[in-house]
Student: 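Okay, here's the structure, questions in a sec.
As the structure lists them, so they are numbered: ligands from 1, and atoms in each ligand from 1.
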Amino acid sequence: MYSKEFQESLAAVEAARAANIAYEPVRMTAQEKDDLLAAYHPDYKKSEFSTLQIGPNKGEKVPHELCEMLQAHSRISAADIDLDDIKYDVDVLIIGGGGAGASAAIEADEAGAKTMIVTKLRIGDANTMMAEGGIQAADKPNDSPAIHFVDAFGGGHYAAKRDLLAKLVCDAPEAIQWLNDLGVEFDKAPDGTMITTHGGGTSRKRMHAAKDYSGAEIMRTLRDEVINRGIEIVDFTAAIELILDEDGKAAGAVLMNMETHELMVARAKTVIIATGGAGRMHYQGFPTSNHYGATADGLVLGYRVGAKLLYADTLQYHPTGAAYPQQIFGALVTEKVRSLGAKLVNRDGKVFMHPLETRDVAAASIIRECSDRAEGVDTGSGEAVWLDTPMIEAIGGEGTIEKRIPAMMRMFATYGIDIRKEPILVYPTLHYQNGGLDINVNGMTTNVENLFVAGEAVGGIHGRNRLMGNSLLDVIVFGRNAGQNASAKAKDVKVGKLTLAHIAKFDAEREAAGIETDTVSPKLLPDYRNKKNGIK
Ligand code: MEZ
C-alpha cells in the first residue's frame, strides 16, 4: 500500500508490465560493464579509500573505516594479561559461531579434536542466518564443477585464487549432500530431486534453496549438530586479541566477556578465525543486510599478528536492498526474486538492465539510474528503483510467491505491501566482504603458522566479486576444510611459551609511521548512538 506520491510511477510500471515480461533485455558487453563499474560502483570511488601505513599490507588501499580499525590500538596491553592463567585449553579454538565456525567445529570434533567455539553473540548470530536465496552446487546432468568454475571466475573478474575456487566448486556437490544428510530441508520436486534456479552470472540452474530462508535453515541444522555433539560453546564472549607462541605461531586468544568485560586466556594448538563479514562498518554510509555483529573483527585480529589480507578493497553491494519503507531500509531482498522473473524498472516503468547481471554490475546500474540519469523514484529518504514482483506470479502462476519466497512476502506484508500485486522499491545495500585474510588451499593463512580462516573472513575465493549462493557454499566447504586441517595439524603441535609481544611491536610500527589515533579494535559491535541507523 503506497501513498499518493508513488501512484504516478506505479501506474507507469503497471502499464508497462505485460510488455516488460515479454521483453528480454540484452546483456552488457564486457567493455560496457567495465565502464559502468568504473563510473558508478562504490569500490571505484577513490576518495572513499585510505592507504595502509603499517602492517603486512602497507601501501595498499582499504576503505577508510577498515583502515582505522586495522591501524588502531589493541583493547589490551600485554601487561593486563597473565598468560599462565589459562582458562580454556583446547586443540582447536574456533572464533565465530556462524556457518563456517559451526562446520569447522563439526569436522574437528569428528576428527577427535578437543574443540571450542567462542562467539561474541550466540551461535547462529551470523550472516549465514541472514542468507536467503540459496547455495550453488553443480550437481545436475547439464552442469559440472568446471562450468561452475568458469561462471564464478568470470564473475569475480578473473581474480580468484584458482586453487581455492577449484576446491569450492569441486567440493560443492558433496557439501550439498552433507547438508542434506544432516537434515537441511532443501526444496525438492515430488520425485525427490532438488529444485534449482539461476542466480546472477550463472549459466546453469544450480541454486539449491530452502524457500527464501536457505541460510536460516542451514544454520539451524548446523547449530543443532554442534549442540548434539556436545561441542563446547562459549557465547557472549569475544576474542579481542590473538596469542602467539614464542615461535610466532598462533596459540590461542584473549577472550572478553561481553557483559562483565572479564578477560580470559584460551590456549589452543590451532586457531580458526570464522568471524564473518563487515556490513556493520557501513562503508561509504551504506545500509547493510548483515547481522548485528558483522564488524570485520577477524581481519583486525589476523592483521595485528601479521596475517596478510587479500582484496580488502573490494566489497559487495547487493543490488536489491529494501529502500522502502524506512523500517526495513537496507534489509536483503533476495536475488531469488529476480531468478523467479521479477525485473528491475525505473520510475517510468522502463526495464534498464538484464535482471541477472552479476551483482557488481547490477548495483552499479541501479546507482546510475538513481544518479546521473535521474530515473529513480524518490522514497522520501533517497532514490530507488522498482523491482516488479507481480511479474513472478504472471510468469510462474498464482501462488509462486507464497511457495518460493514466503519470507519476502511476509516482510513487506508487515508494512501493508502485497508483493504479489505491487512492486517494491530497492537500492544497493552493503552485503558482503569480497576480500579478507589470505589462505592456502588447506585453509591456513599464508604467513602465520597454525592460524586458519574460514567463511567471509577469507579473501581470494571469489576474486573481486562473488556470485549469489557461493558464500553459503564457501562457509560449508572452507569451514569443513579448516576444521579437518586444523584438527589434523593440532595432532603434531607442541605449543611453546605464550606471548602477546606482537601488540608492542604493532604499537611501535604505528608510532614510527606517525599515526595518531585513540581508536581501539576490534570494533565488536556497531555504535548507533546519536546517529540515524549509523548511516551517513
Ligand atoms: O549468496 C548470497 O549472498 C545470497 C544467497 C543472497 C540472496 O540474494 O539471497
Student: Just which atoms of ligand 1 are under 4.0 Å from any heavy atom in Glu335?
Tutor: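 What qualifies from ligand 1 is 7 (C), 8 (O), 9 (O).
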
Student: Between ligand 1 and Thr334, is the shortest N or O to N or O distance under 3.5 Å?
Tutor: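 Yes - when backbone and side-chain N and O of Thr334 are compared with those of ligand 1, one distance drops under 3.5 Å.
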
Student: Going by heavy atoms, is Ala131 under 4.0 Å from ligand 1?
Tutor: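 Under 4.0 Å: no for Ala131.
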
Student: Evaluate the ring planes of Phe286 and Tyr317, with Trp represented by its six-membered ring, and classify them as parallel (under 30°), tilted (30 to 60°) or perpendicular (over 60°).
Tutor: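 Rings of Phe286 and Tyr317: tilted, 30 to 60°.
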
Student: Below 4.0 Å from any atom of ligand 1, is there a heavy atom belonging to Met207?
Tutor: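 No, Met207 has no heavy atom closer than 4.0 Å to ligand 1.
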
Student: Between Arg464, Gln433, His462, Arg466, which is the residue that forms a side chain to side chain donor-acceptor pair (under 3.5 Å) with Gln316?
Tutor: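 Among Arg464, Gln433, His462, Arg466, the one meeting side chain to side chain donor-acceptor pair (under 3.5 Å) with Gln316 is Arg466.
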
Student: Indicate the ring-plane relationship of Tyr292 and Tyr528, choosing parallel, tilted or perpendicular according to the 30° and 60° boundaries.
Tutor: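 If you compare the ring of Tyr292 with that of Tyr528, the planes turn out tilted.
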
Student: For ligand 1, which atoms sit closer than 4.0 Å to a heavy atom of Glu132?
Tutor: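 This gives 9 (O) as the contact atoms.
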
Student: How close do Leu344 and Val426 get, heavy atom to heavy atom, and via which atoms?
Tutor: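 Taking Leu344 first and Val426 second, the nearest heavy atoms are CD2-CG2, 3.8 Å.
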
Student: Side chain or backbone of Arg466 under 4.0 Å from ligand 1, or both, or neither, by non-hydrogen atoms?
Tutor: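 Side chain only.
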
Student: With respect to Asn470, determine whether any N or O atom, backbone or side chain, lies less than 3.5 Å from an N or O atom of ligand 1.
Tutor: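 There is no such contact.
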
Student: Between Asp372 and Tyr40, do the side chains contain an N or O donor and an N or O acceptor separated by less than 3.5 Å?
Tutor: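 Yes, a side-chain donor-acceptor pair sits under 3.5 Å.
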
Student: Which atoms from ligand 1 have a heavy atom of His318 less than 4.0 Å away?
Tutor: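 Contacts of ligand 1 toward His318, numbered from 1: 7 (C), 8 (O).
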
Student: For Asp212 and Ala407, indicate whether the former's side chain and the latter's backbone hold a donor-acceptor pair under 3.5 Å.
Tutor: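 Yes; at least one donor-acceptor contact below 3.5 Å.
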
Student: Hydrogens and angles aside, do His318 and Thr429 bring a side-chain donor and acceptor to less than 3.5 Å of each other?
Tutor: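 Side chains of His318 and Thr429: no pair found under 3.5 Å.
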
Student: Are any of the N or O atoms of Gly134 closer than 3.5 Å to those of ligand 1?
Tutor: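 Checking ligand 1 against Gly134, no N or O pair falls under 3.5 Å apart.
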
Student: Between Met468 and ligand 1, is there a nitrogen or oxygen pair with a distance under 3.5 Å?
Tutor: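 Looking only at distances, the answer is no, because the N/O contact criterion of under 3.5 Å is not met.
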
Student: Is a side-chain donor-acceptor pair under 3.5 Å present for Asp360 with His157?
Tutor: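 Side-chain D/A pair, His157 to Asp360: present.
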
Student: When you look for heavy atoms under 4.0 Å from ligand 1, do you find them on the side chain of Arg359, its backbone, both, or neither?
Tutor: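 The side chain, only.
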
Student: Does any N/O atom on His431 come nearer than 3.5 Å to any N/O atom on ligand 1?
Tutor: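 Yes, there is a polar N/O contact under 3.5 Å.
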
